[in-house]
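Numbered from 1 within each chain, the chains take letters A, B, ... in sequence-line order.
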Amino acid sequence: MCGRYTLTLPGEILAEVFGLDEAPELAPRYNIAPTQDVAAVRRVPAGAPRSLSMLRWGLVPQWQREPRGSTLLINARAESLQDKPAFREAFERRRCLIPADGFYEWKGASRNREPWLIKRDDGRPFAFAGLWEPPVGREPGLVGTCAIVTTDPNELMRPIHDRMPAILAEPDWNAWLDPDNRRLSALRPLLKPAPAEDYVAFPVSPAVNNAGVETPDLILPYTPPPPRQPRLGFDS
DNA sequence: CCAGACGTTGTT
DNA sequence: GTCTGG
DNA sequence: CCAGACGTTGTT
DNA sequence: GTCTGG
């Protein structure tokens with residue numbers, strides 16, 4: 001899962017939490033969607049300090065001749081990172097943190113689908129486990145592409161959805177970010193469901209469905225309108 | 001051996 | 001239904 | 001993730 | 001590049 005999220009906190013806070021040398025200048029974003037450029041923390045080259053870059057959400061493996069829209073890799077299953085040709089090398093050598101302070105999940109089936117916002121109860125930002133690739137071809141200004149790792153739901157998420165983004169505990173950030181760390185068997189257990197007690201979830205307006213809508217009120221709690229009265233003579 | 005895919009999600 | 005675009 | 005398009009030819 | 005399928 002995880003096809004939409006938020007990053008609204010000021011760059012100064014992000015620099016402090018994620019250990020960046022400089023505070024990035026980032027406008028608050030309430031509806032970050034696939035194909036958009038997203039903030040990612042990396043260590044490039046190996047040995048360099050942490051830095052923040054904008055990467056296009058939708059990983060394109062290096063052997064791919066040209067970006068194929070039909071194969072947009074926005075998520076990568078934690079369970080199979082080592083087996084999938086599209087992700088294996090990135091898992092070994094190109095891991096990143098993707099800062100967020102909320103993410104959306106849709107609950108229910110087709111007609112009744114409703115968006116929920118999940119965030120930390122203390123409001124702090126957190127880090128999705130991410131993978132990245134250098135750009136293929138020469139797209140001007142493209143630094144790289146990335147995907148968000150997904151894992152099983154925690155107890156908060158289970159009623160909403162059967163997957164959730166892998167959120168790395170802060171003590172694990174260094175191990176995940178170090179490009180020289182090839183202990184993949186030690187990295188895999190970091191991709192477990194985040195502790196449910198640290199997070200809250202509430203329904204939000206279906207306006208979030210449209211990736212073009214990015215207003216702050218998207219993250220306010222939302223009371224759905226009462227169901228329409230069934231017409232007389234029709235039981236459903 | 002070569003050819004062709006290489007992914008996740010949700011939905012049926 | 002399926003693909004593309006944000 | 002959801003929303004919205006989904007096509008070609010010839011003519012202006 | 002590397003894996004799967006024939």
Side-chain angles (χ1 to χ4, degrees), chain A residues 1-7 27-39 54-95 98 100-119 128-137 139 141-142 144-153 157-167 182 184 191 193 201-215 218-219 222 224:
Chain A
M1 268 265 72
C2 192
R4 300 286 180 90
Y5 69 97
T6 68
L7 183 59
R29 293 169 73 187
Y30 298 89
N31 197 358
I32 298 171
T35 72
Q36 295 177 357
D37 286 346
V38 302
M54 302 304 288
L55 303 178
R56 185 152 305 157
W57 186 8
L59 183 142
V60 179
Q62 288 200 270
W63 37 257
Q64 196 101 65
R65 288 282 176 204
E66 43 192 82
R68 296 189 318 182
S70 54
T71 308
L72 195 57
L73 307 178
I74 66 169
N75 292 139
R77 292 178 66 90
E79 298 88 335
S80 52
L81 290 183
Q82 293 176 86
D83 309 324
K84 302 293 185 180
F87 299 128
R88 188 182 165 190
E89 202 176 330
F91 179 45
E92 290 171 356
R93 315 217 313 257
R94 287 183 298 275
R95 298 175 298 269
I98 300 183
D101 50 30
F103 61 94
Y104 300 102
E105 297 285 2
W106 277 258
K107 176 180 183 171
S110 55
R111 192 81 183 97
N112 320 309
R113 241 160 130 65
E114 59 174 6
W116 287 58
L117 177 66
I118 299 89
K119 53 191 299 188
F128 296 142
L131 308 176
W132 67 276
E133 287 284 345
V136 304
E139 240 190 282
L142 181 62
T145 61
C146 65
I148 294 173
V149 179
T150 66
T151 189
D152 286 326
M157 295 303 304
R158 201 180 305 283
I160 301 173
H161 208 68
D162 63 353
R163 301 291 291 171
M164 70 178 289
I167 297 171
R182 307 287 161 77
L184 302 187
L191 304 172
F202 52 88
V204 293
S205 162
V208 75
N209 290 358
N210 188 333
V213 177
E214 307 179 16
T215 54
L218 287 178
I219 64 172
Y222 172 79

Sequence neighbours left out, what passes ring-ring contact (aromatic ring centres under 6.0 Å, His included) with Phe87(A)? Give chain and number order. none

Note every stem involving DNA chain C: at least three consecutive Watson-Crick or G-U wobble pairs, i with j then i+1 with j-1, with both distances under 3.5 Å. C:1-6 with D:1-6

Which nucleotide, [options], lies nearest any side-chain atom of [X]?
{"X": "Asn209(A)", "options": "dT8(B), dC6(B), dC2(D)", "result": "dC2(D)"}
{"X": "Arg113(A)", "options": "dG7(B), dC6(B), dC2(D)", "result": "dC2(D)"}
{"X": "Asn210(A)", "options": "dT12(B), dT9(B), dG4(D)", "result": "dG4(D)"}
{"X": "Arg163(A)", "options": "dT8(B), dT11(B), dT9(B)", "result": "dT9(B)"}

With heavy atoms under 4.0 Å as the rule, sort [X] into base, sugar-phosphate or nothing.
{"X": "Tyr104(A)", "value": "nothing"}
{"X": "Asp162(A)", "value": "sugar-phosphate"}
{"X": "Ala147(A)", "value": "nothing"}
{"X": "Arg4(A)", "value": "base"}

Shorter than 3.5 Å, N or O on both sides, protein versus nucleotides 3-6 of chain E: list them out with atom names.
residue	atom	partner	partner atom	Å
dC3(E)	OP1	Arg88(A)	NH1	3.0

Is it the case that over 12 heavy atoms from other parts of the model lie below 6.0 angstrom from the CZ atom of Arg29(A)? yes

Are any of Arg77(A)'s side-chain N or O atoms less than 4.0 Å away from OP1 or OP2 of dT9(B)? yes

Between Ser110(A) and dC2(D), does any side-chain N or O lie under 4.0 Å from OP1 or OP2? no

